[in-house]
Number of protein chains: 2
Amino acid sequence: MTRRRSTYHHGDLPRALRAAARRLVAEHGPEGFTLREAARDVGVSHAAAYRHFADKRALLAAVCEDGYRALAATLRAANRRRPTDDAATRIRRLAAAFVRFALDDPPRFHLMFGPRLNLDGRFPSLDAATDETLAAVVAEMEHGMATGRLRAARPVDLAIGFWTMVQGYADMVLRRRIKVRSRTMAMAYLERLLAPLLDGMQAPRR
Amino acid sequence: MTRRRSTYHHGDLPRALRAAARRLVAEHGPEGFTLREAARDVGVSHAAAYRHFADKRALLAAVCEDGYRALAATLRAANRRRPTDDAATRIRRLAAAFVRFALDDPPRFHLMFGPRLNLDGRFPSLDAATDETLAAVVAEMEHGMATGRLRAARPVDLAIGFWTMVQGYADMVLRRRIKVRSRTMAMAYLERLLAPLLDGMQAPRR
DNA sequence: ACCTGAACACCGTTCAAGT
DNA sequence: ACCTGAACACCGTTCAAGT
């Protein structure tokens, strides 16, 4: 199980630890993740990790940051394949992309949206990645308001409202607080729950 | 710091451990909670706890269950003081009560809505308490539909949609993912985010 | 019946010492 | 400059032994 290295020097230990951490979080969840196991996986003493990461949290923050960048990219791509100006459709796709991202790697999702790793501002690039993700949602709302399909409101408020609902839904489904029997059903039920919010977000029909 | 007992027998150790656990979760959060510290607080060896709780999770489940019962009571009381039949008002109050509950004891809220303690169904009474809480929200939706103010939908779907949004909001605020400078602002912003959902939940005006 | 003490197999973190 | 080994202060859990 444990890979051993005969060479003294490691190729790129920080990168290797990051990759191991991502894998182990996916395997055991953020709670079950262990710095020592990551080091073992890479074939290095656990003390070695401290040369490259200040502590366990710093390593998790790196994994978390990668997650946010991936999510931002996913959200930006949600409406690229079949562009449309219909705000409701665009937002539905955004929501679907978000929930699919969560379902694809639940532990990573929980790492990203669970206890803040950065409450003390130690990892500025993590906050930057989070902001990038939110920005993708805000951009969508601005687009919807520009084409006149969304109600007059601050785009950031609509974005946060959407974000709140969709993050809440993903969380409830992953934790099986909302019971769905399959991924397909998870997506279908998302549509149903989202419907009232979407209606309320749209400009009154003239 | 550590209370010591000279008597061999303890009055009601299970109850004392539960109380200590609730206090310690509030102090250090669910992550920082330790079975050993709870035992120390009560003045008993840590092994003694295993006479009354199968493991650490069982003790946390007890605290969690108390939390759900308290939340259910809070939600049921939300519209008792100034009864009304206006569905939007009632639901806004429900949301406010929920978020206030979260703000009053963030660690307990995270214990309740974080990693499921009962994924394997070991604690049936915990699930019962959760159901009781959801039932309070469903009852509210049924009331709103009976008086004709809510759109035609399955009450449980409206309830879960509401629940999802409000739980998501509380979580984002507690984790400072949504930045508000005070409790008052947290409540005000809740109203703002809820507005589109509430609009969408209401029956079209005739 | 209920509790203690000691033990086991783990953690995260630190630090002198090695190459 | 980078890594190891050993140590420290903790965990959760188990179990023989005590009262």
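Chain letters run A, B, ... following the sequence lines, proteins first and then strands; every chain starts at 1.
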Quickly work out the [X] [atom1] to [N] [atom2] distance and round it to whole Å.
X: B:Arg51; N: D:dT19; atom1: CZ; atom2: C1'; value: 13 Å
X: B:Tyr50; N: D:dC15; atom1: OH; atom2: P; value: 12 Å
X: B:Lys56; N: C:dC10; atom1: NZ; atom2: C1'; value: 13 Å
X: A:Leu24; N: C:dG12; atom1: CG; atom2: P; value: 11 Å
X: B:Leu17; N: D:dG12; atom1: CG; atom2: C1'; value: 15 Å
X: A:Phe53; N: C:dG12; atom1: CZ; atom2: P; value: 14 Å
X: B:Arg15; N: C:dC2; atom1: CZ; atom2: P; value: 16 Å
X: A:Glu31; N: D:dC11; atom1: CD; atom2: P; value: 18 Å

Original post:
With respect to the phosphate group of C:dC11, does any side-chain polar atom (N or O) of A:Arg40 fall under 4.0 Å of OP1 or OP2?
Top reply: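 Yes, A:Arg40 has a side-chain N/O under 4.0 Å of OP1/OP2 on C:dC11.
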Original post:
Should B:Thr34 be listed as having a side-chain N or O under 4.0 Å from OP1 or OP2 of D:dC10?
Top reply: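 No, because none of the side-chain N or O atoms of B:Thr34 sits under 4.0 Å from OP1 or OP2 of D:dC10.
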Identify which nucleotide among [options] has an atom closest to any side-chain atom of [X], counting heavy atoms from C-beta outward.
X: B:Asp55; options: D:dT13, C:dT13, D:dT4; value: D:dT13
X: A:Leu35; options: D:dC3, D:dT13, C:dT13; value: C:dT13
X: B:Ala47; options: C:dA7, D:dC15, D:dC3; value: D:dC15
X: A:Leu13; options: D:dC3, D:dT14, D:dA7; value: D:dC3

Original post:
What nucleic acid atoms does B:His46 come within less than 4.0 Å of, heavy atoms only: base, sugar-phosphate, or nothing?
Top reply: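 Result for B:His46 = base.
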Original post:
Starting at the 5' end of DNA chain C, which residue's closest nucleotide do you reach first, A:Glu37 or A:Ala54?
Top reply: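 Nearest nucleotide further toward 5': that of A:Glu37.
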**OP:** Work out which heavy atom in A:His46 is nearest to a heavy atom in A:Ala39; give both atom names and the distance.
**Re:**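 The answer is CA-CB, 3.5 Å.
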Original post:
What is the base-pairing partner of C:dA1, counting Watson-Crick and G-U wobble geometry with both distances under 3.5 Å?
Top reply: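 Because both required distances fall under 3.5 Å, C:dA1 counts as paired with D:dT19.
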**OP:** Using Watson-Crick or G-U wobble geometry with both distances below 3.5 Å, tell me the partner of C:dA6, or none.
**Re:**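 Paired with D:dT14.
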Subject >> Parallel, tilted or perpendicular, as decided by the 30° and 60° cut-offs, for the rings of A:Phe109 and A:Phe98 >> reply: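 Geometry flag for A:Phe109 against A:Phe98: perpendicular rings.
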Subject >> salt bridge (Lys or Arg N to Asp or Glu O under 4.0 Å) partner of B:Asp105, the single match among B:Arg23, B:Arg22, B:Arg100 >> reply: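 Exactly one option meets the salt bridge (Lys or Arg N to Asp or Glu O under 4.0 Å) with B:Asp105, and it is B:Arg22.
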Subject >> Atom pair CE (B:Met112) and CG (B:Leu60), whose distance is rounded to the nearest 0.5 Å >> reply: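 Separation between the atoms: 13.5 Å.
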Original post:
Taking for each residue the nucleotide of DNA chain D with the nearest heavy atom, is it A:Arg36 or A:Ala48 whose nucleotide lies nearer the 5' end?
Top reply: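 Looking at the nearest nucleotide for each, A:Ala48 comes out on the 5' side.
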Subject >> A:Tyr189 and B:Asp157 side chains, donor-acceptor separation under 3.5 Å >> reply: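 Judged by distance alone, the side chains do pair up.
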